[in-house]
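The structure under discussion appears below in the form of structure tokens.
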There are 2 protein chains.
Amino acid sequence: MKLKEFAKQLGLSPTTVSRALSGYPEVSEKTRKRVAEEAVRLGYRPNINAVRLVTGRAGAIGVVMGRNEFQFCEFMSGMAERLDSEDIDILVSPVAVQDTKAEIQLYSRLATSGRVDAVIVHSPKPNDERILLLHKLGIPFLVHGRSETNVPHAWLDIDNEGAIRRATSHLLDLGHRRIALINGRDGLTFTLHRDKGYREALEQRGIPFDPRLVAHGQFTDEIGFRFARSLLEQSPRPTAFVAGSMMTALGVYRAVRSLDLVVGRDISVIAHDDVFPYLTADNMAPSLSTSRSSLRAAGARLADLTLQLLAGRPASEIHELWPVELILRESTGPAAEAAQ
Amino acid sequence: MKLKEFAKQLGLSPTTVSRALSGYPEVSEKTRKRVAEEAVRLGYRPNINAVRLVTGRAGAIGVVMGRNEFQFCEFMSGMAERLDSEDIDILVSPVAVQDTKAEIQLYSRLATSGRVDAVIVHSPKPNDERILLLHKLGIPFLVHGRSETNVPHAWLDIDNEGAIRRATSHLLDLGHRRIALINGRDGLTFTLHRDKGYREALEQRGIPFDPRLVAHGQFTDEIGFRFARSLLEQSPRPTAFVAGSMMTALGVYRAVRSLDLVVGRDISVIAHDDVFPYLTADNMAPSLSTSRSSLRAAGARLADLTLQLLAGRPASEIHELWPVELILRESTGPAAEAAQ
DNA sequence: TTGAAAGCGCTACCAC
DNA sequence: GTGGTAGCGCTTTCAA
């Protein structure tokens, strides 16, 4: 059913029907109501591509999906939830991890192709090329995370620095002095923020920073295991770990057990948890103490902010920093040395 | 830059330029090459929405994303990879798990909205409402998995039955007689196929089927733990587990350890592995024997088949059943009773 | 408050 | 092998 035909059946002009459906003020309440009801009854829906052509809007938000990011689904699911009631789709593009050149090209294509009205930038660096590019191209974009580029941009981030500072401080309170940090990929802002939080906590107690206790890499089980295992084989070994993700924590748990040590007694562990339905900190053995923030909620909110940005809210006004909960469970306990 | 303007700069008609860019045969090779080069140089790209309006194609494939599906990202990533070079997007819609009514409505909206050219159906049931609906609405769709509905439809599936039959047989070969199965959500085709493979393996050896050894549910760490733990506390307890996913296997490992038993010695475990970059069977401790099939590859292939379907290949011709590898690692060993 | 009609940018039919 | 041009289905001026 097309507009023309639908309008004819109602005895109205296409103009009026279009206006009624789009909520323009000049249509009488009576007409609007009638049009809305008949549209449902007769199953009329505007052709989305015609609407997009004529309005010049793409009706989609672009997101670029790296390879190894299990977190991504949760984030996107949150976005999709918020956009469900809007006529806005999510357009997904894949990119090989750490192929910066390909990634820049992809963002460039995305921005100039006219397929999206806005783009989401993930895991930014302090001086992120993508942000400069998108700003130059003039396409609206939002950053999930933060960056120090001096072009104005909208962002939403969690307080990574505070989260890791508190996690580390808590371990220090428990008497731990050799605390290892398994952080994210090197050079990313959130990684730097976490490094910073870690060092601040140490500094506050006058504990010297030891770079050998810090590792960077992707959030995989394997990296968690390798680094934890190698550190635990040294002497003196760390008595606590701050892990960057649930997957990393799985690896750390495994490394601890492989040396016949016990998490929560011999070795304390705190991890950052993005809240996954299929793997929960409470269910681990022992249950895992976490700094926790919902990726799904962040996705939903970022979708919301994107709509605001597209509606004209200035990017320079859109900045949200979310606090992170610290939830103590069984994986943290007094330092073994302190107990001896 | 618009077609008209671009054509004028080349001294050609819009028609010829359009044909050259779309690969029509009647354009001379020389002209085609020149147009392609100039398009890159001048940065001309057809307006995607105009193309979609005039061709009547939406330029997108719809996928519905349930909540708890960590596998989904891997699958979609594979799809996105294959579609990268095409002018086809992936449209993501979320739906609450197990809300069948909402799901049917969502598929209905998706199919009638004109936003997608085809729809992917996941985790079908033998008699799946969604398949009947999409067939009735006349929109092209592909099923990831199988169904017994008698409307013709394209599908790609892995050999779940064979995979679990072989996994179970292997455990029987090792002397195990009480083998538990932690399967997927009840009522889904792949769950039924796995149940069937399990029972067939038992039957071949004349081992009676014991329904108490089989559980159904989502692929979460928690369900793996709960069921394994509860069975292991009984007497006689199972000596082996077949787990539906890596997350389930994590729960099983945990349950085994929580009772001071050892995976691979006291209790054998085989799981199905969809191949994730962040959690690998090889890295588990002990390394996990798996039946293995790449979800990413399935996503890429299904995207490919979607393009074929849209190009006119009959749905009734598109059926692919993928074999599943069985990879033995350390988590499987002779039954404890047999060793005694 | 409603309607007529001019495009949005492109493809594809038809003519040459 | 190339070009003119009529729409694709809708929104949005402008006029009534």
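In what follows, chains carry the letters A, B, and so on, assigned in the order in which the sequence lines appear, proteins first and then strands, with residues in each chain numbered from 1. Everything quoted here is computed from the prediction, not taken from an experiment.
Rounding to whole angstrom units, CD1 of residue B:I48 and C1' of D:dC8 are separated by 15 Å. Between the CG atom of A:L3 and the C1' atom of C:dA6 there is a distance of 15 Å, given to the nearest Å. Protein atom CG of A:N47 is 6 Å distant from nucleotide atom P of D:dC10, rounded to whole Å. If you measure from atom NZ of B:K4 to atom P of C:dT11, you get 15 Å, rounded to the nearest angstrom. Rounded to whole Å, the distance from CZ on A:R45 to C1' on D:dC10 is 15 Å. In this structure, B:K2 atom NZ and C:dT11 atom P are separated by 15 Å, rounded to whole Å. Rounding to whole angstrom units, CD of residue A:E26 and C1' of C:dT1 are separated by 8 Å. Spacing between atom CG of B:L12 and atom C1' of D:dG4 amounts to 14 Å, rounded to whole angstrom units.
Donor-acceptor pairing under 3.5 Å, judged by distance alone, is present between the side chain of A:T15 and the base of C:dA4. Side-chain to base pairing of B:R32 with D:dG1: no donor and acceptor N or O lie closer than 3.5 Å to each other. At a cut-off of 3.5 angstrom, counting only N and O atoms as typed in the model, there is a donor on one side and an acceptor on the other between the side-chain of B:R19 and the base of D:dG3.
Proximity of A:S13 to the phosphate of C:dA4: no side-chain N or O atom is located under 4.0 Å from OP1 or OP2. One finds no side-chain N or O of B:Y44 lying less than 4.0 angstrom from the OP1 or OP2 phosphate oxygen of C:dG9. Taking side-chain N and O atoms only, B:S18 has a distance below 4.0 Å to OP1 or OP2 of C:dT11. Taking 4.0 angstrom as the limit, A:T31 places a side-chain polar atom (N or O) nearer than this to OP1 or OP2 of C:dT2. The side chain of A:Y24 places no N or O atom within less than 4.0 Å of a non-bridging phosphate oxygen (OP1 or OP2) of D:dT11.
Which of C:dT11, D:dC8, D:dC10 sits closest to the side chain of B:L53 comes down to D:dC8. Each of C:dT11, D:dG3, D:dT11 was ranked by its minimum atom distance to the side chain of A:S22; first place goes to D:dT11.
One distance of note links CE of A:M76 with CE of B:M76; it measures 3.0 Å at 0.5 Å rounding. To the nearest 0.5 Å, atom CZ of residue A:R146 and atom CD of residue A:E320 are 12.0 Å apart. Atom CG of A:L188 sits about 12.5 Å away from atom NE2 of A:H122, to the nearest 0.5 Å.
A ring-centre distance under 6.0 Å is not found for B:Y107 and B:F141.
With hydrogens and angles ignored, the 3.5 Å screen pairs no side-chain donor or acceptor of B:N49 with any backbone N or O of A:N49.
Nucleic acid contact for B:S28: sugar-phosphate only, since backbone atoms but no base atoms lie under 4.0 Å from a heavy atom of the residue. No engagement by B:F6 is indicated, since no non-hydrogen atom pair under 4.0 Å with the nucleic acid exists. Residue-level contact check: A:R52 touches neither bases nor backbone, having no heavy atom under 4.0 Å from any strand.
Between B:E74 and B:P277 the shortest side-chain heavy-atom distance falls below 4.5 Å.
Between A:R57 and A:N49, the residue anchored nearer the 5' end of DNA chain D, judged by the nucleotide with its closest heavy atom, is A:N49.
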